[in-house]
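Here the structure is a predicted model, which is why all the values come from computation and not from measurement. Start at 1 and go down the list; that is how both ligands and their atoms are numbered.
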Amino acid sequence: MLRTHTCGELRLSDASTTVTLSGWVQTIRDKGGVLWIDLRDRYGITQLILEEGVTAADLFATARTLGREFVLQATGQVVERKSKNPNILTGDVEVRVSALTVLNPAKLPPFLIEDETDGGDDLRMKYRYLDLRRNPVRQNLELRHRMAQQTRLYMDGQQFIEVETPVLIKSTPEGARDFVVPSRMNPGEFYALPQSPQTFKQLLMVSGFDRYYQIVKCFRDEDLRADRQPEFTQIDCEMSFVEQEDILQMFEGLVRHLFKTVKGIDLASVPRMTYADAMRLYGSDKPDTRFGMEFTELKAVRGSGTVDTVDLTSGKGFGVFDSAEIVVGINAPGCASYTRKQLDELTEWIKRPQIGAKGLIYVRYNEDGSLKSSVDKFYTESELKAWADRFGAKPGDLMLLISGDAAKARKQLNELRLEMGTRLGLRDPNVFSTLWVLDFPLLEYGEEEERWFAMHHPFTSPKPEDIPLLETDPGAVRANAYDLVINGTEVGGGSIRIFNRDLQARMFSLLGFSDEEAKAQFGFLMDAFEFGAPPHGGIAFGFDRLCSLFGGADSIRDFIAFPKNNSGRDVMIDSPSTIADKQLDELKIRTVV
Ligand code: ASP
């Protein structure tokens, strides 16, 4: 070894021993007669000291030629420091250098290798290997490592077997767009990279593996919205002979284990909510439950996601509400003092094209008990009071209302709720609120394509009691599907699967597959169902996202060693790139003229 100790290891108890350290120059402080070098490696920083008159003259001269990020090997005696640094673990000591080797000089790095860097995103990504030297980025990857290790520990303890599934598989039309790989040996034919190991893990259940998991790369060729990566990692799991309840408990166990071992947090049991309630109360299937501010309906008709018919707004001459399918709002506690300017700004915010609300109605419940709204022309104070009562509002609160088509209004109000949560400081990244969302619809209708799509995927089983509805009212069929939501982010999702050939075939036909298409694309799975497929189900967690949540960060990028940018490019290796004509010819992708 080129060192006896790491740069994070030496303590006062090591004083007077001779040690050799290797690492990178973090900083050099040249005080004329004394020169200090902070030497850094993954484990920490140790201060080296050279003193004119004490240190050999040639050594002192060499030290003066060093620069940031030079790779050094330094030997010397550990001594107690005069002025100690309580901020670092090695802060009591320094190493009095007696020999110094420059293992490799370094060019001046293009940005500061410090916790707070002056490097912009592009520069950091181009020199990602330097960015990774920075503590915060390295710590994220250390967290990721611990998460993976603890996942393996838990899964192994529960008898799950880690099985690798292939990366070169077959393209299928359902789901997102596939990345494809041309096959040289089969000209004109392509592999696809897996969007998930879904069919393989189901086949492993048919094989009798009983409990499978894998920490696995998945690939989806989607337009990159903020913070999506074309390749990402899942904790992918499947179990046999289980019902939904078994899966929920097993994986609640995993999440609790991770919180406990990685963050030292004892997680309370994960609350559950149906999809219908989530949509009605939060306008989202992944509500952020760190704060309340649930929706209150002032006008709604039973059905369309509403439980009780109510109408506290119609017939008073306000056409906007009269013609609306729904009038729904949130109560922002303590916000009655919002100025006109603040309310106008909020209205403009919600009218932006990204959200697209037509307007925002407000009702101030003043501290003195009076009520003042933007629709005072149409509603008396006692009518406003009836609204406030329904909201459970208190003096000092501000009610914000949206109206229109139910689905759209709920979606817009969801955005407003989240925004208000942020503005009111209710979304602390170090507070964790978990939720199981259950009973998702099996299907959703694609207006453009004029057909049904599987909301989760085509292998998800309908609730047995809803199967008859498949023929009469497919949109009302609920699935045995569940999502795990943490702080408003979907971190995992799965379902109990279909394991019967006929039901699977019916499902494909509902999704618009002809028998031939279903057979060509998923015949292998349907065939397998005829050879003794056990009842089974599973779940997959977005591992990158889980890591970023545990790290209290918004972006998954800093939890991936070498991520791609928003255009799907790796700017460090400059990929994707063109390939040589010879390669194209071999692949028969382009014929030579
Ligand atoms: N394969 C699914 C997904 O990637 C997860 C599952 O159903 O287990 O979302």
Side-chain angles (χ1 to χ4, degrees), residues 151 155 158 160-167 169-179 192-206 209-222 228-240 242-244 246-252 254-255 275 285-286 436-444 453-463 478-486 489-499 504 507 511 521-522 525 533-546 556:
T151 298
M155 299 304 276
Q158 301 289 337
F160 282 80
I161 297 178
E162 186 162 15
V163 183
E164 289 171 89
T165 51
V167 172
I169 65 165
K170 176 171 148 166
S171 186
T172 56
E174 201 68 8
R177 211 175 285 111
D178 286 322
F179 279 103
L193 305 183
Q195 296 184 26
S196 85
Q198 184 63 33
T199 51
F200 290 98
K201 67 175 173 175
Q202 291 191 240
L203 293 173
L204 287 170
M205 295 303 105
V206 179
F209 275 81
D210 196 63
R211 293 180 173 197
Y212 141 96
Y213 86 105
Q214 186 180 188
I215 298 183
V216 61
K217 270 289 171 73
C218 302
F219 307 85
R220 294 182 191 172
D221 186 6
E222 292 170 305
R228 281 255 180 109
Q229 288 283 314
E231 55 176 301
F232 59 98
T233 304
Q234 286 189 341
I235 308 172
D236 189 47
C237 315
E238 198 75 6
M239 299 171 80
S240 290
V242 288
E243 294 173 325
Q244 174 167 301
D246 305 303
I247 304 261
L248 299 186
Q249 289 194 11
M250 176 63 73
F251 292 99
E252 190 165 324
L254 170 63
V255 172
Y275 169 88
D285 60 0
K286 40 177 190 293
W436 282 115
V437 179
L438 308 175
D439 299 354
F440 277 81
L442 183 69
L443 302 160
E444 58 190 339
F453 284 85
M455 192 143 178
H456 187 50
H457 51 54
F459 316 108
T460 295
S461 74
K463 284 202 179 288
R478 290 166 306 157
N480 266 324
Y482 31 80
D483 274 359
L484 182 74
V485 176
I486 304 183
T489 299
E490 178 206 325
V491 298
S495 60
I496 298 297
R497 324 298 184 189
I498 296 169
F499 65 104
Q504 188 66 71
M507 188 68 189
L511 298 175
Q521 278 151 26
F522 296 110
L525 185 67
H536 59 286
I539 191 166
F541 294 91
F543 186 59
D544 313 285
R545 173 67 60 208
L546 202 58
I556 64 171

- Query: For ligand 1, what is the set of protein residues having any non-hydrogen atom at a distance below 4.0 Å?
  - Reply: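 Its neighbours under 4.0 Å (heavy atoms only) are S196, Q198, K201, R220, Q234, H456, H457, G493, G494, R497, G538, I539, A540, given by chain and number.
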
- Is there a donor in the side chain of Y213 and an acceptor in the side chain of E162, or the other way round, less than 3.5 Å apart?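 Side chains of Y213 and E162: pair found under 3.5 Å.
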
- Task: Using only heavy-atom distances, determine whether the side chains of T165 and Q214 contain a donor-acceptor pair under 3.5 Å.
- Result: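 T165 vs Q214: donor-acceptor pair found between side chains.
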
- Task: Using a 4.5 Å cut-off on heavy atoms from C-beta on, say whether the side chain of T460 contacts that of N480.
- Result: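 No, too far: nothing below the 4.5 Å cut-off.
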
- Message: Closer than 4.0 angstrom, basic N to acidic O: yes or no for K217 and E231?
- Response: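 Answer for the salt bridge query: yes.
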
- Would a line drawn from the ring center of F232 to the ring center of F219 be shorter than 6.0 Å?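 They do not qualify: ring centres at least 6.0 Å apart.
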
- Message: So does P462 get a backbone contact from the side chain of R478, meaning a donor-acceptor N/O pair under 3.5 Å?
- Response: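 No, R478 side chain to P462 backbone: no donor-acceptor pair under 3.5 Å.
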
